[in-house]
Structures are given as structure tokens and as C-alpha cells.
Amino acid sequence: MKKLGFGTMRLPLLSEDQKDVNIGEVCRMADKFLENGFTYFDTAYMYHGGESERVFKSAVATRHKREEYLLADKMPSFMMKSKEDNARIFSEQLERTGAGYFDYYLIHSLDEKNYAAATEYECFEFAEKQKARGLIKNLGFSFHDTADVLEKILSERKDVDFVQLQINYLDWEDERVQSRKCYETCVKHGKKVVVMEPVKGGMLANLPEKAEKILKALLPQMSVASWAIRFAAGLENVMTVLSGMSDMKQMEDNISYMKDFRPLSEEEKGALFKALAEIRNFVTVPCTGCRYCTDGCPKKIPIPDYFALYNEYERFNRKFYPTFGLNDLKENGGSPADCIACGNCERHCPQHIEIIKEMKKVASAFCK
Ligand code: SF4
Ligand code: SF4
């Protein structure tokens, strides 16, 4: 399998509404992806407010032969209320995607709390039964917690085939995300790894000037995002790297260096770690834009959109005030100043961001 997967969490949109996906553009992107020999698509029950699976059906399952693609989908234990939800969600997913079966199936976003829910609702046992029926070919889980928690899960779930981890060069030695330690835990247990967030929600495609200069000095023709994808894909146990591609330009860029993939050389790794030192000074809120936090917000605050604007504001030393972006957000959702510190968002944040604290800073910057 080629080491680039099409993540369908950030598909092109026709409006601000996450459900309003530009299906025509996704069809063109999927065709281009398949034409170039790539096969792996990754979706989930809750991406794009539930539309991502249906978009996959329209763009891929109804337009391409089953043997042309591989599909990964996920069981959201964090949305479940009973064991019976396994069968309900799984049959909805089969219907929504039109794929007939899942090549890869994951218990979604495990951390200590979600693993307890998955255990209580017997998600693994349910998925094993579907595997025995041929409806799942490979069973795994996606993971957002410490290496110690991962060690516990892999010791208890010896039969899983693979693990999906957040790996990127910014989080490699980060003590909250623990990319390196988690990767090494998977290697120790002989599990293959699928990488998510290699570009950290787009953050590593848009670097501070000094960091970009270091990378461009060595490879002027290559995008800065290419360094992040190649870093993750170069790890030996990595099966594929998911890129949440939002337009054709991103897809063509990814294809250009992943079609005939070449890992980073020692000289390139040296440049990347120099650039990393520059980047560390600039990341304010390490939000990846996954939107796991938004559904439960009683004030309907578009949390990641405010964090994206706030990061830009800080990156340019508070010289650029995002008036237009802010007006759009204020018209379409709650304001950071409305936050009541209920903590619903923090419970779902895979990056363990102290959202309440950060939201206060955003409010004091943008809600005067
Ligand atoms: S803590 Fe604030 S931002 Fe988070 S869910 Fe509650 S109201 Fe929304
Ligand atoms: S704050 Fe956390 S949960 Fe919300 S979008 Fe950012 S990374 Fe995802």
C-alpha cells in the first residue's frame, strides 16, 4: 500500500456549514487520488456532522469498483449509550458508505475514558464478530492519550491488527501527545501504525518565516507540508499517513512527493529539527481543528475557528486583526465571551488543550 491516505475530515465545503460538502470537487479529488495508484480512504461516523460517510459513497463507492479502494471507518464509543448502539451504528455505516465491508475498522479516539466506555459497551467484542463475518478485514483503534494508557490497552487487546496515532514532528517529543513514545509502544507490540494529523491540522503547512526559510534553503521546490508528511511516512512501522485534503491543490502537492516516496535524508532531518526550534516559539494554541469539542458546547462557540484566528493573530505579533473572519464567526455561532466554563469541550479534546483557559485569552483579544 502507498504511504498516503485520503482523510475525509476536512473536505472542501460550499458554505460555512460543515455538512455542505462540495461533492463535485471530492469526486475530482478521489479520481485523481485513485488514478495515481493510491487506495486508502479514511472516514468516521461523526465527520462533517455525519456527511463524510455519505460523501464517500457518492464520490467513490458508487463510481469505482470495490477492489479499487480500501476504506477505514470508526465506531464512536464516546457517542454510545448502550451495547445495542454497536449494531445500530455499524449497519448505518454500511448503508451510508455503500462499501459492503470495511478494510480497516477502528474503535474511535480511545483515551482512558473512551476505552472504559468501549469496554463497557463491548465495542471490541462486537467488532471481532463482524470480522469473523467478513465485514471487517482489519481491526484497530485510534488513540489520543499517554504511552502508559496505550501499553495497557495493547496488553489487554492483543488481537488488534493496527493502531492509528497522532504523529508529526512538532508532537514527536511533546509530553502531552507523546508521539514517539506511543509509536515505540506499537513497535514493541508488533502493531502496524496509521498516522493521523501529520501536518497538525494544517499548522505545519503554514510555518513562521524563519522556519520556512530553513526548509526552503535546502529544497526550494518542495512545499513545507511535504516535510511533515515525509517525516511521518519515513517511520518503519507506518503503514500509511492520512492527509485531510481540502482541495485539489493540496492533493496534487501530496501526490507529487508521495507517488514515489523517499524518506527524509540525514541532512533533511537536520534541517527539519532546526526549523522545529523556530516553530516552537510560535505555536500558541495547539488545536488541530478536529472539531470533537464543538457538538457539546451549550453556547455553540465555534471553538477551533476562534483558535485558528487567535493563532494567526499571535503569529503576526498581534499586528493583524482578523476583522472579516471574526465577523463571520460572530454571525454564525456563540462568542468566546459567552463561555460558561462547563468543561464539555475539554472532555473531548484529543490534544488535551485547556480550552476554558485559552478561550478567556481569545475573549480578551477579540471581544473588547
Ligand atoms: S467550557 Fe465554554 S467553550 Fe467549552 S463547551 Fe463549555 S461553554 Fe463551550
Ligand atoms: S480544541 Fe481540541 S477538540 Fe477542539 S478542534 Fe481543537 S484539537 Fe479538536
Side-chain angles (χ1 to χ4, degrees), residues 1-14 18 20-44 47-48 51-74 93 96-106 137-138 140 142 162 164 167-168 192-202 204-205 222-234 238-263 289-290:
M1 185 200 304
K2 285 194 184 289
K3 282 192 164 188
L4 176 69
F6 188 165
T8 61
M9 180 206 255
R10 299 185 182 93
L11 293 170
L13 296 175
L14 291 167
Q18 281 295 312
D20 195 11
V21 176
N22 183 342
I23 295 183
E25 184 66 354
V26 179
C27 289
R28 286 186 284 279
M29 289 166 71
D31 292 352
K32 170 75 76 177
F33 186 70
L34 291 165
E35 273 162 26
N36 280 278
F38 298 94
T39 51
Y40 193 102
F41 291 82
D42 173 86
T43 186
Y47 291 170
H48 285 280
E51 281 304 300
S52 167
E53 293 171 325
R54 292 192 186 97
V55 170
F56 174 84
K57 183 176 187 174
S58 308
V60 183
T62 59
R63 301 174 61 250
H64 292 276
K65 291 191 188 121
R66 185 63 185 86
E67 62 273 22
E68 286 178 46
Y69 63 84
L70 298 168
L71 179 63
D73 207 340
K74 311 188 188 77
Q93 290 178 309
R96 281 184 188 180
T97 60
Y101 62 89
F102 300 111
D103 303 277
Y104 294 84
Y105 196 78
L106 305 92
K137 304 295 177 193
N138 297 276
S142 60
F162 68 104
Q164 185 163 307
I167 295 181
N168 57 67
K192 286 283 177 198
V193 171
V194 173
V195 172
M196 58 184 156
E197 302 292 4
V199 192
K200 205 164 168 69
L204 300 179
M222 301 275 282
S223 65
V224 288
S226 72
W227 289 77
I229 305 249
R230 288 175 63 220
F231 170 82
V238 165
M239 190 163 71
T240 200
V241 176
L242 302 177
S243 174
M245 294 175 256
S246 302
D247 56 39
M248 186 61 96
K249 204 167 148 230
Q250 275 176 18
M251 170 153 290
E252 286 174 343
D253 183 51
N254 283 349
I255 288 173
S256 70
Y257 52 84
M258 292 306 288
K259 197 168 174 181
D260 298 304
F261 170 65
R262 183 177 61 78
C290 68

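Remember, predicted model here, so these are calculated numbers, not experimental data.
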Aromatic ring proximity, centroids under 6.0 angstrom, Tyr69 and Phe56: yes

Validation row: [X], [Y] side chains within 4.5 angstrom (heavy atoms):
X      : Y      : value
Gln250 : Asp253 : no
Asn254 : Met245 : yes
Leu34  : Phe41  : yes
Leu11  : Tyr47  : no

How many angstroms lie between [atom1] in [X] and [atom2] in [Y], if you round to the nearest 0.5 Å?
X      : Y      : atom1 : atom2 : value
His48  : Arg54  : NE2   : CZ    : 13.0 Å
Ile255 : Ser243 : CD1   : OG    : 10.0 Å
Glu197 : Ile167 : CD    : CD1   : 12.0 Å
Lys137 : Leu70  : NZ    : CG    : 11.5 Å
Asp42  : Met9   : CG    : CE    : 8.0 Å

Criterion side chain to side chain donor-acceptor pair (under 3.5 Å) on Gln164 and Tyr104, from CA distance to verdict: CA-CA 11 Å; Gln164 185 163 307; Tyr104 294 84; over 6 Å; no

Charged tip of Lys192 within 45° of Phe162 ring normal and under 6.0 Å: no

Who are the salt bridge (charged side-chain N to carboxylate O under 4.0 Å, His left out) partners of [X], not counting sequence neighbours?
X     : result
Asp31 : Arg63
Lys57 : Glu95
Arg96 : Glu53, Glu92

Salt bridge Glu252-Arg28, side-chain N to carboxylate O under 4.0 Å: no

Heavy-atom pair of closest approach, residues His64 and Ala59: CD2-O, 4.0 Å

